[in-house]
Amino acid sequence: MSGTLEDYADIREEVAKLCAGFPGEYWQKLEHTNSYPAEFVAALTEAGYLAALIPEEYGGSGLPLSAAAAILEEIQRSGCNGGACHAQMYIMGAILRHGSDAQKQKYLPEIATGRLRLQAFGVTEPGSGTDTTSIKTFATRDGDDYVINGQKIWTSRAEHSDLMLLLARTTPRDQVTNKTDGLSVFIVDMRKAREAGMSIRPIRAMMNHSTTEVFFDNVRVPAENLIGEEGKGFRYILSGMNAERILIAAECVGDAKWFTQKSSRYANERVVFGRPIGQNQGIQFPIARAYAQMRAAELLVRDACRRFEEGQNCGEEANIAKMMAAEASWAAAEACVQTHGGFAFAEEYDVERKFRETRLYQVAPISTNLILSFISEHVLGMPRSY
């Protein structure tokens, strides 16, 4: 089954109805206590949206990536925050594409129903940043287990996830010919790991993103939880990164739509010097330009989805879509703040919350600079810059 982002009108309508039950006040209240939107995630799970990409044989909807993109875009356009749960959509792809039949049968139906949450993605470390091949977390084979030691950072939703997809070294970097070799991917049952040497430390951040540091101290993970072949994990992680970038790009498009609608409405309603401020080109033009940027990004997301669904190499399209959509959402956010003036800083207008949330996507899950480096090297054929 395939489709494009302009399809799924019925899904979009239902997602919007669900999101209407979680207005700005709901998210503001969570910010006060730095709490996880458990009710919102439960509602999405119950409606089946977080199982959109899981095949029907495992209890999911079996929808293509463009449907998942439409769901996440609509969540953001409605003023909600899909960052609380979006990772499940792209993390589970590693199990689906590279996991064993036993792993799929064991985990995917439970994830589809919501009995298990796969929200935590353990990759980044304090000393490695985006240099993934330099990670130091190590998994040593010991009989029927792997013993894991190390630390992860910016592992969002770790406190609210039952399972983690973990990338760790199984061969030291100085013992492999290719630095991308010797990395392996594991499914970590966090409920058991918490009782066996894993600890989690929350990180208070600029936005309420439930992010953490995770420490592994001789944590045992059954060898049967290794995904695919030992030492080949880097390619398994890479295979899901295009999906991740496309889905994040769709969220940014949704954010841009929310900001632009908010700006336009306020510009028409706010009267200063006897006329609506939207009559002034200084107000009009930034909003209009951000809208144009959003429409261009929307087309890029659509093209990236199509290529992904057709099985084409879409690294260029996925990365550019993510970069341009993040820039469009930030431009729309800036225009929204300028349009609202001082009221943009008032919590009740909800602009400042979304402003902080959408800024994240210039940095994560991959920074704009890394995307530009990718384009320079892999698309334009220039020398590697790092």
Side-chain angles (χ1 to χ4, degrees), residues 18 35-63 65 67-68 71-72 75 81-123 139 145-146 148 152 155-168 184-200 202 209-212 214 216 219-228 233 236-237 239-240 243-244 247:
L18 185 153
S35 300
Y36 184 74
E39 302 86 355
F40 176 68
V41 175
L44 287 175
T45 302
E46 186 176 343
Y49 295 124
L50 297 188
L53 297 178
I54 296 177
E56 292 183 70
E57 64 185 289
Y58 299 112
S61 302
L63 293 173
L65 191 72
I71 290 167
L72 291 176
I75 287 171
N81 186 7
C85 50
H86 60 196
Q88 187 156 299
M89 287 186 168
Y90 51 81
I91 294 175
M92 109 25 235
I95 299 176
L96 184 61
R97 286 187 290 272
H98 306 290
S100 66
D101 288 339
Q103 289 170 341
K104 294 176 189 178
Q105 293 288 349
K106 180 177 181 179
Y107 294 112
L108 292 180
E110 297 294 291
I111 294 169
T113 62
R115 287 190 291 268
L116 286 179
R117 282 184 183 167
L118 175 59
Q119 292 288 353
F121 196 20
V123 177
D145 295 332
Y146 283 88
I148 299 175
K152 298 294 180 180
T155 307
S156 299
R157 301 161 299 273
E159 295 179 292
H160 307 282
S161 186
D162 301 306
L163 305 173
M164 173 191 285
L165 198 70
L166 176 71
L167 184 68
S184 301
V185 179
F186 300 89
I187 303 169
V188 178
D189 187 326
M190 299 180 74
R191 299 163 300 178
K192 295 178 180 178
R194 282 173 183 264
E195 300 173 357
M198 185 189 79
S199 58
I200 301 173
H209 204 65
S210 302
T211 197
T212 69
V214 182
F216 297 88
V219 176
R220 286 187 170 269
V221 173
E224 64 186 29
N225 285 25
L226 172 71
I227 292 180
Y236 303 154
I237 292 293
S239 70
E244 176 189 53
L247 292 177

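This structure is a prediction, so every number in the text was calculated from the model and none was measured.
Between the Gln103 side chain and the His98 main chain, no donor and acceptor come within less than 3.5 Å of each other. No donor-acceptor pair closer than 3.5 Å links the side chain of Glu56 to the backbone N or O of Gly62. Checked by atom type and distance alone, the side chain of Asn225 never pairs as donor or acceptor with a backbone atom of Phe186 at under 3.5 Å. Distance alone, capped at 3.5 Å, is enough to place a donor-acceptor pair between the Tyr36 side chain and the Ala84 backbone. Remark: the backbone N or O of Arg157 is not paired with any side-chain donor or acceptor of Ser161 at under 3.5 angstrom.
Once rounded to the nearest 0.5 Å, the distance linking NZ of Lys192 with CG of Asp162 reads 12.0 Å. Note that OH of Tyr58 is 11.0 Å distant from CD1 of Ile95, once rounded to the nearest 0.5 Å. Taken from CD1 in Ile75 to SG in Cys85, the straight-line distance is 5.5 Å, to the nearest 0.5 Å. Expressed to the nearest 0.5 Å, how far OG1 of Thr212 lies from NZ of Lys152 amounts to 12.0 Å. The structure places CD1 of Ile91 at 11.5 Å from CD1 of Ile187, a figure rounded to the nearest 0.5 Å. In this structure, OG1 on Thr45 lies 11.0 Å from CD1 on Ile111, to the nearest 0.5 angstrom.
When side chains are defined from C-beta on, Tyr146 does not count as touching Val219, because their heavy atoms never get closer than 4.5 Å. Ser184 has its side chain within reach of Leu226: a pair of non-hydrogen atoms, C-beta onward, lies under 4.5 Å apart. Between Val185 and Ile237 there is a side-chain heavy-atom pair separated by less than 4.5 Å. Residues Thr155 and Met164 form a side-chain contact, since some pair of their non-hydrogen atoms from C-beta on lies under 4.5 Å apart. Taking the side chain as every heavy atom from C-beta outward, Gln119 and His160 never approach each other to under 4.5 Å. At a threshold of 4.5 Å between non-hydrogen side-chain atoms, the residues Leu96 and Pro55 count as touching. The shortest side-chain heavy-atom distance between Met92 and Lys104 does not fall under the 4.5 Å cut-off. Considering only heavy atoms from C-beta on, Leu18 comes within 4.5 Å of Tyr49 through its side chain.
Listed here is the closest heavy atom pair of Ala158 and Val214: CB-CG2, 3.9 Å. Heavy-atom minimum distance, Ile148 versus Phe216: O-CB, 3.6 Å. The shortest heavy-atom contact between Ala112 and Gly60 is CB-N, 4.1 Å. The two residues Ala94 and Leu165 come nearest to each other via the heavy atoms CB-CD2, 3.7 Å. What you find for Pro202 and Glu159 is that their closest heavy atoms are CG-OE2, 3.4 Å. When all heavy atoms are compared, the tightest approach of Gly48 to Ser61 is O-OG, 4.0 Å.
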Going through the distances and angles, do Asp145 and Val221 end up as a side chain to side chain contact (heavy atoms under 4.5 Å, CB included)? CA-CA 5 Å; Asp145 295 332; Val221 173; over 6 Å; no

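Of the options Gln105, Arg115, Arg117, a side chain to side chain donor-acceptor pair (under 3.5 Å) to Glu110 is made by Arg115 and by none of the others. Each of Leu65, Leu118, Leu53 was scored for a side chain to side chain contact (heavy atoms under 4.5 Å, CB included) with Met89, with one residue passing: Leu53.
Atom CD of Glu39 has more than 12 neighbouring heavy atoms from other residues, nucleotides or ligands inside a 6.0 Å radius.
With sequence neighbours excluded, no residue satisfies ring pair (Phe, Tyr, Trp, His ring centres under 6.0 Å) with His209. Under the rule for a ring pair (Phe, Tyr, Trp, His ring centres under 6.0 Å), the partners of Tyr90 that lie at least two apart in sequence or sit in another chain are His86.
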